[in-house]
Amino acid sequence: MDFLDQLNPSQREAVTYTEGASLIVAGAGSGKTRVLTYRIAYLLQQGVPASRIMALTFTNKAAREMKERIRNLSPTLPSREGGRSLQEAYRYLMMGTFHSVCTRLLRPHAEVLGYTRDFTIYDTADSKSLIKAICKERGLDDKIYKPGAVQSRISMAKNSGIPPREYGSNQQLLREDREQRMYEFAIIYELYQARLIAANAMDFDDLLINMIRLMDASEEVCRRYQEQFKYILVDEYQDTNYIQFLLVKKLAEPQNNICVVGDDAQSIYSFRGADIRNILNFQRVYPNARLFKLERNYRSTQTIVNAANSLIHKNSHQIEKTVYSEKETGEPLNLQAYMDDRTEALGIATRIQRMRHKGYNAFAVLYRTNAQSRVIEGELRKLNIPYRIYGGTSFYQRKEIKDALGYLRLSVNKRDNEALLRIVGFPGRGIGETTMKKVSTNAIEHHRCYLDVMREPDDTGLDVSAATKKKLQAFALMIDQFSDQSEEMDAFRFAEMVLRTSGVMTALALDRSTEGIDRAQNVQELLNAIHEFVEQRQNEGIDYTPITDFLSEVSLLTDQDENLADTTERVTLMTVHAAKGLEFPVVFIAGMEENLFPSQFAVKPSEIEEERRLLYVAITRAMEQCFLSYARQRFRNGSFTFASPSRFLNDIERKYFEVETSRSSTTSRSSITSLTSSSSFSSFSSLSSAPSTPVSGATSEIASSVWKAGDRVAHRVFGEGTVVRVYRDEVTENDKIEINFDTQGTKTLLLTHAKLERA
DNA sequence: TGTCTCATTTTTTTT
DNA sequence: AAATGAGACA
């Protein structure tokens with residue numbers, strides 16, 4: 001049986017057209033991954049060696065899954081290659097995220113660019129802390145130079161291919177900086193880059209940029225890679241940025257066997273520099289490119305596909321396509337209004353419970369921001385519904401894990417100053433901020449790394465006491481010893497030795513609090529992960545795995561990459577971004593409110609359009625049913641905010657929603673305009689019409705009156721309570737009050753958002 | 001130095 | 001709510 005039979009005609013065409021450039025525009029659920037997988041399998045069948053194929057995916061998980069599918073496909077392929085069996089071929093595919101593939105290709109040639117092979121990868125936290133330090137050194141106000149903002153601007157510059165030098169002569173950019181009062185931005189950018197290089201470190205963007213620089217710098221390397229990768233495939237092309245575009249273009253030369261797959265309607269990463277023009281202009285860059293459209297959706301019911309289409313058509317420029325489904329009509333979308341975020345979470349949890357016969361894996365609750373997961377989590381737990389949260393602070397972001405990794409990083413790359421700063425204070429060894437400040441100053445002045453200064457404090461004339469010197473030298477000695485052994489042991493044995501010798505393990509074991517025990521367990525967990533990593537490589541025939549290999553993998557892990565082993569039935573909770581590429585029978589989309597979805601930061605039309613695409617992605621994750629909901633009041637940043645329904649709700653054609661049944665019904669099935677609340681607080685009659693402004697007449701009346709501790713208060717959400725603390729006698733709108741509730745303990749409320757009544 | 005407390009600020013999505 | 005920062009204190 002020919003495996004191509006399993007494809008529909010348009011899929012098959014896209015799979016078998018292998019020479020030259022092709023653009024596959026793949027609507028949501030149209031079997032995009034399938035096409036990519038089969039295309040690679042087809043190439044293998046045609047006798048193309050696996051090592052000549054490069055496939056760039058959006059997550060490592062996607063790469064892994066694709067490899068697995070290719071492996072399962074390959075037995076059915078007739079082997080044209082006598083020697084190596086096709087079943088094994090998948091191992092030699094160059095497959096992964098842009099960042100991980102670049103790291104792999106970059107390491108052996110890092111010297112060309114002035115790095116060593118052991119360069120470390122700075123994650124967002126490292127970069128941010130470096131930026132902070134630079135701003136502080138220069139005495140800049142971090143109210144104006146917000147580390148986060150500076151970082152994303154640097155990233156933008158990098159992703160647009162503008163190095164520090166060019167930045168300083170770009171009038172347009174400088175003007176923008178002046179408007180932001182960031183007169184020294186160009187200098188910060190330059191210093192930042194210099195410090196990265198000095199630390200033998202690359203940030204995420206550097207991995208891509210340096211890959212291009214490498215190919216520019218070495219004709220030989222360039223040709224070698226171009227010859228090696230005869231076929232290049234890029235998944236999720238709509239979310240690639242300018243640098244990625246350049247990189248792929250360069251790698252594919254001169255034969256240009258390049259195949260990109262994507263859906264402009266699902267471009268949701270512009271904040272990360274993704275440029276939708278890459279996919280829109282593909283045919284202009286490659287005039288001979290064949291265009292394939294996959295328009296049949298195999299995932300969702302007709303209603304879901306049509307509803308999503310009606311939404312996305314509100315956007316301007318798109319590649320013309322008609323996504324359709326031939327599955328059953330299916331159930332209408334459901335829209336539910338709730339009084340507040342907790343009621344919303346409870347509503348979702350209750351619905352899941354009612355439908356639990358489908359199995360918990362059938363459900364996903366999607367939201368715009370990670371912060372929304374808390375409430376939902378809480379209500380699910382109350383109803384004993386098992387769930388799994390993706391994103392948020394992942395395992396590798398935990399402090400103790402970052403500390404542990406810091407030791408490993410520094411041992412491998414002694415110039416990794418950010419790692420050093422992390423770990424020098426843990427476990428405590430009497431080296432504090434003041435000392436490190438001096439170390440840092442001297443290091444920068446003498447163009448040495450921190451560890452050098454600590455090892456030889458006299459070389460730079462470090463002004464510290466003899467006792468401190470001793471401590472610094474002891475630390476340096478320890479790291480040097482680790483470093484000497486880093487290539488003598490495999491990753492696991494090395495990590496174990498370092499974490500024991502350094503005192504990290506002992507320090508954690510000393511803390512007998514619940515959190516302390518957790519932390520110790522987490523570090524043990526890290527060791528297990530390293531062990532697993534080494535074993536896995538052994539199975540792949542690599543018998544020596546140094547710690548460097550592990551380190552470069554962990555820093556590039558994505559959110560979806562975690563939690564493979566756990567197969568128990570659970571509801572999935574994640575942001576819409578994280579849900580990209582996934583599907584679930586039943587999808588809940590929570591928080592359909594203005595200033596949340598679309599985000600409060602989306603103001604420009606293009607930004608609103610991106611948010612709309614984001615909702616499109618969310619809806620098209622659903623196979624059978626889609627529930628949308630919003631809350632009128634939401635606890636955000638420590639206080640209550642009022643919310644109005646998302647404008648996007650009006651962008652979805654009304655006819656796809658469940659129609660309102662009867663006005664008097666207790667459970668509210670509602671159309672968009674007459675949303676009735678299903679809350680148990682209906683006794684507050686004033687509630688049914690949600691006020692659009694937070695300050696009502698009642699509030700100002702309260703604001704002008706005098707409240708004392710012990711006065712009673714009624715809050716519209718929580719019911720009755722007692723004021724236990726008033727910060728001042730004279731209460732004004734922005735004052736805080738603390739309210740004691742019998743069920744939920746104490747809450748602090750901003751008076752502006754609390755409706756108070758004298759009880 | 002290191003730790004604790006109090007106060008202020010923050011806002012998204014992630015390789 | 002959570003995270004960060006400043007300041008007091010041992």
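Below, chains carry the letters A, B, ... as their sequence lines are ordered, and counting in each starts from 1.
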Would you say B/dT10 has OP1 or OP2 under 4.0 Å from some side-chain N or O of A/Arg636?
no
For A/Phe98 and for A/Phe601, find the nucleotide of DNA chain B with the closest heavy atom, then tell me which residue's nucleotide is more 5'.
A/Phe601
Pairwise C1' distance, C/dG5 and B/dT12 [rounded to whole Å]
23 Å
Under 5.5 Å between ring centres and under 30° between planes: does that hold for A/Tyr269 against the base of B/dT13?
no
Can you list the residues that meet the salt bridge (charged side-chain N to carboxylate O under 4.0 Å, His left out) rule with A/Lys402, with sequence neighbours excluded?
A/Asp123
List, with names and distances, any nitrogen or oxygen atoms from the protein found under 3.5 Å away from nitrogen or oxygen atoms belonging to nucleotides 2-4 of chain B.
| residue | atom | partner | partner atom | Å |
| --- | --- | --- | --- | --- |
| B/dG2 | OP1 | A/Gly430 | N | 3.3 |

Could you state the atom-to-atom distance from CG of A/Leu208 to P of B/dT14 in whole Å?
18 Å
Distance check: side-chain N/O of A/Asn637 vs OP1/OP2 of C/dA2, anything under 4.0 Å?
no
Residues passing the salt bridge (charged side-chain N to carboxylate O under 4.0 Å, His left out) test with A/Glu607, sequence neighbours excluded, are none
If the condition is salt bridge (charged side-chain N to carboxylate O under 4.0 Å, His left out), which residues does A/Lys382 pass it with, not counting sequence neighbours?
A/Glu379
Does A/Ser100 have a side-chain nitrogen or oxygen under 4.0 Å from the phosphate oxygens OP1 or OP2 of B/dT15?
no
Output yes when a side-chain donor or acceptor of A/Gln244 lies under 3.5 Å from a complementary backbone atom of A/Asn241, and no otherwise.
yes
In this structure, how many angstroms lie between the C1' atom of C/dA3 and the NZ atom of A/Lys128, rounded?
11 Å
Choosing from C/dA1, C/dT4, B/dT11, which nucleotide comes nearest the side chain of A/Arg374?
C/dA1
Could you work out which one of C/dA1, B/dT13, B/dT10 sits closest to the side chain of A/Thr369?
B/dT13
For A/Arg153, give me all partners under side chain to side chain contact (heavy atoms under 4.5 Å, CB included), at least two apart in sequence or on another chain.
A/Tyr167, A/Leu173, A/Glu176, A/Asp177, A/Met182, A/Phe185
Could you pick out which residue, A/Ser599 or A/His99, lies toward the 5' side of DNA chain B when each is mapped onto its nearest nucleotide?
A/Ser599
Considering only C/dA1, B/dT14, B/dT10, which nucleotide approaches the side chain of A/Lys146 most closely?
B/dT10
Whole-Å gap separating P (B/dT14) and CD (A/Glu610)
13 Å
Figure out the NZ/C1' separation between A/Lys136 and C/dA6, and round it to whole Å.
10 Å
Measure the distance from CG on A/Leu366 to C1' on B/dT13 and round it to the nearest whole Å.
13 Å
Does A/Asn159 have a side-chain nitrogen or oxygen under 4.0 Å from the phosphate oxygens OP1 or OP2 of B/dT15?
no
When the ring planes of A/Tyr115 and A/Phe119 are compared, do they come out parallel, tilted or perpendicular, using 30° and 60° as the limits?
perpendicular
What pairs with A/Arg104 under salt bridge (charged side-chain N to carboxylate O under 4.0 Å, His left out), at least two apart in sequence or on another chain?
none
Test: A/Arg381 and A/Glu377 ion pair at under 4.0 Å
yes
If you only use heavy atoms from C-beta on, which nucleotide in B/dT15, C/dT4, B/dT14 is closest to the side chain of A/Lys132?
C/dT4
For A/Gln244 and B/dT15, what is the distance between atoms CD and C1' respectively, to the nearest whole Å?
8 Å
Take the protein atom CZ of A/Phe271 and the nucleotide atom C1' of B/dT13, then report the distance between them rounded to whole Å.
4 Å
For A/Leu614 and B/dT14, what is the distance between atoms CG and P respectively, to the nearest whole Å?
10 Å
